[in-house]
Amino acid sequence: MNCLEKYRSKLIRDINHNLGIIVERPDEDPVHDFRVGIKRLTALYYLLAEIKPELNARHLLKPYRVAFKLIGEIRDIHIAEHLIASLDEINPQDSAALIKALRLKSRRDYRLFQQSVPADHRLSIRVPTIKSIGLSERRINRQKPVILARLLSQIITTKDKMTASSWHKKRILLKRYHHVLDAFCYCPGHSFDESELKQIRILEQLLGDWHDRVITADLIESLPSMESKRRSTIAIMEKQDKLLLGAAKIYLKKFALRHRQP
């Protein structure tokens, strides 16, 4: 399927370009773009594996999990720094102390990443082409709506009591649904429903902002000798968490209503 292969090829080039930069220095934009690229690649190969189960996407992507996790820890600190700096309620001295401690941790995390890189710095992501997998355009197009419908069903189905873990899984599924839609951007006849995308982006933003506070709280909880600074900062973020999840529930209901209409 040439259009899907075009998307895959560009994705691999961009991922490896950003990875090459990160090997030399942990700049924020390449770190963010690499993480997004790997998530897009994961969504694509999970789609292909649903059509052809013997493909085993998890096994294909397993060699890159270490780099993804280590770079993810660096990315989490970038997020935490921005979030803490944006909280006006925090004493500026406390904010500066927390950010300084996070940057020290970031340098340690980056050294761990560098230790995982081959001596020749030849680190790259390689996965089989769609052609080599042996999936026809007809087969992909036939299964695509079925897979999207299954993802949608999981996204819009909620429990009476949603835990943090439930919301996190919902966020992952929503992103995967969005990434699968994006994967067909070069395909003839493929079009985006802009009103649906708008709802998806709002939900992604709300759940993303909520998750930023979760990971930031976890990070600063692990910082030594900063108990009072941690307590006050986490208390502020917990209040924001509730507001963000409250808004996410409202928009998820709207999104669900849209897709339950006959």
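Because only heavy atoms are used, hydrogens play no part in the values below, and waters and symmetry mates are left out as well, while side chains stay in.
Here the closest heavy-atom approach between residue L41 and residue L61 is recorded as CD2-CD2, 4.1 Å. Closest approach of I74 to P26, counting heavy atoms only: CG2-CB, 4.3 Å. Taking every heavy atom of both residues into account, A248 and L207 meet most closely at CB-CD2, 3.8 Å. Nearest heavy atoms, I125 versus N16: N-OD1, 2.7 Å. Residues L252 and L203 share a closest heavy-atom pair of N-CD2, 3.8 Å. Here the closest non-hydrogen pair linking P128 and L60 is CD-CD2, 3.7 Å.
Neither L244 nor I250 shares a network with the other; the hydrophobic side chains, linked directly or stepwise wherever heavy atoms of I, L, V, M, F, W or Y lie under 4.5 Å apart, form separate groups for each. Note: the hydrophobic cluster containing L148 also contains L4 (ILVMFWY, side chain heavy atoms under 4.5 Å, direct or indirect links). By the rule that hydrophobic residues join a cluster once side-chain heavy atoms approach within less than 4.5 Å of another member, I71 and I21 end up as members of separate clusters. Hydrophobic clustering places L55 together with Y46 (ILVMFWY residues linked when any side-chain heavy atoms are closer than 4.5 Å, directly or through intermediates). Linking Ile, Leu, Val, Met, Phe, Trp and Tyr residues whenever their side-chain heavy atoms come within less than 4.5 Å places I156 and L245 in a single cluster.
Rounded to the nearest 0.5 Å, atoms OG (S106) and CG (L219) are 10.0 Å apart. Annotation: the span from R138 atom CZ to N141 atom CG amounts to 10.5 Å, rounded to 0.5 Å. Here the straight-line distance linking atom NZ of K144 with atom SG of C187 works out to 7.0 Å at 0.5 Å rounding. Distance check: I84 CD1 to I99 CD1 gives 6.0 Å after rounding to the nearest 0.5 Å. Distance CD1/I236 to CG/L87: 6.0 Å, rounded to 0.5 Å. The distance from the NZ atom of K39 to the OG1 atom of T42 is 9.5 Å, given to the nearest 0.5 Å.
Side-chain contact between V66 and K69: absent, with no pair of heavy atoms (C-beta onward) separated by less than 4.5 Å. The shortest side-chain heavy-atom distance between H211 and R171 falls under the 4.5 Å cut-off. Counting heavy atoms from C-beta on, the side chains of K52 and L48 never come closer than 4.5 Å. Considering only heavy atoms from C-beta on, I155 stays 4.5 Å or farther from H259 through its side chain. Looking at S86 and L83, their side chains come closer than 4.5 Å, going by heavy atoms from C-beta outward. At a threshold of 4.5 Å between non-hydrogen side-chain atoms, the residues W167 and K249 count as touching. Considering only heavy atoms from C-beta on, L11 stays 4.5 Å or farther from H179 through its side chain.
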Legend entry - Trace of the side-chain contact (heavy atoms from CB on, under 4.5 Å) decision for L47 with F184: CA-CA 12 Å; L47 166 74; F184 291 85; 3.8 Å; yes

Inset, instruction - For side-chain contact (heavy atoms from CB on, under 4.5 Å), just list the numbers for K254 and I202, CA-CA rounded to whole Å, side-chain angles, deciding distance to a tenth of an Å, and then say yes or no. - result: CA-CA 11 Å; K254 289 181 180 179; I202 291 170; over 6 Å; no

Inset, instruction - List the steps and the verdict of side-chain contact (heavy atoms from CB on, under 4.5 Å) for K239 and L243. - result: CA-CA 7 Å; K239 289 180 182 177; L243 293 172; 5.9 Å; no

Inset, instruction - Determine, step by step, whether V180 and I147 satisfy the side-chain contact (heavy atoms from CB on, under 4.5 Å) criterion, reporting the C-alpha distance in whole Å, the side-chain angles of both residues, the deciding distance to 0.1 Å, and the verdict. - result: CA-CA 9 Å; V180 170; I147 294 166; 5.6 Å; no

Inset, instruction - Could you give me the CA-CA distance, side-chain angles and deciding distance for D14 and R40, then say whether salt bridge (Lys or Arg N to Asp or Glu O under 4.0 Å) is met? - result: CA-CA 11 Å; D14 290 346; R40 289 179 179 274; over 6 Å; no

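Not a single donor-acceptor pair under 3.5 Å links the side chain of Y186 to the backbone N or O of N2. Within the 3.5 Å criterion, the main-chain N or O of E238 finds no donor-acceptor partner in the side chain of R213. Listed for the N91 side chain is a donor-acceptor partner under 3.5 Å among the backbone atoms of Q93. Side-chain N or O atoms of T157 include none that pairs as donor or acceptor with a backbone N or O of Q154 at under 3.5 Å. A donor-acceptor pair under 3.5 Å is formed between the side chain of S9 and the backbone N or O of E5. Y110 places no side-chain N or O within donor-acceptor distance of the main-chain N or O of K105, the cut-off being under 3.5 Å.
The number of heavy atoms from other shown groups lying within 6.0 Å of CZ (R142) is above 12. The environment of CZ in R65 is sparse: at most 12 heavy-atom neighbours from other residues, nucleotides or ligands sit within 6.0 Å. In this structure, Y251 places its OH atom where only 12 or fewer heavy-atom neighbours from other residues, nucleotides or ligands lie under 6.0 Å away.
Applying the side-chain hydrogen bond (donor to acceptor under 3.5 Å, both in side chains) test between E204 and each of K175, H178, Q199 identifies H178 as the sole match.
Of the N and O atoms on the side chains of Y45 and R8, at least one donor lies less than 3.5 Å from an acceptor on the other residue. Under 3.5 Å, the side chains of Y177 and E196 contain a donor-acceptor pair of N or O atoms. Looking only at atom types and distance, the side chain of H82 has a donor-acceptor partner in the side chain of E28 under 3.5 Å away.
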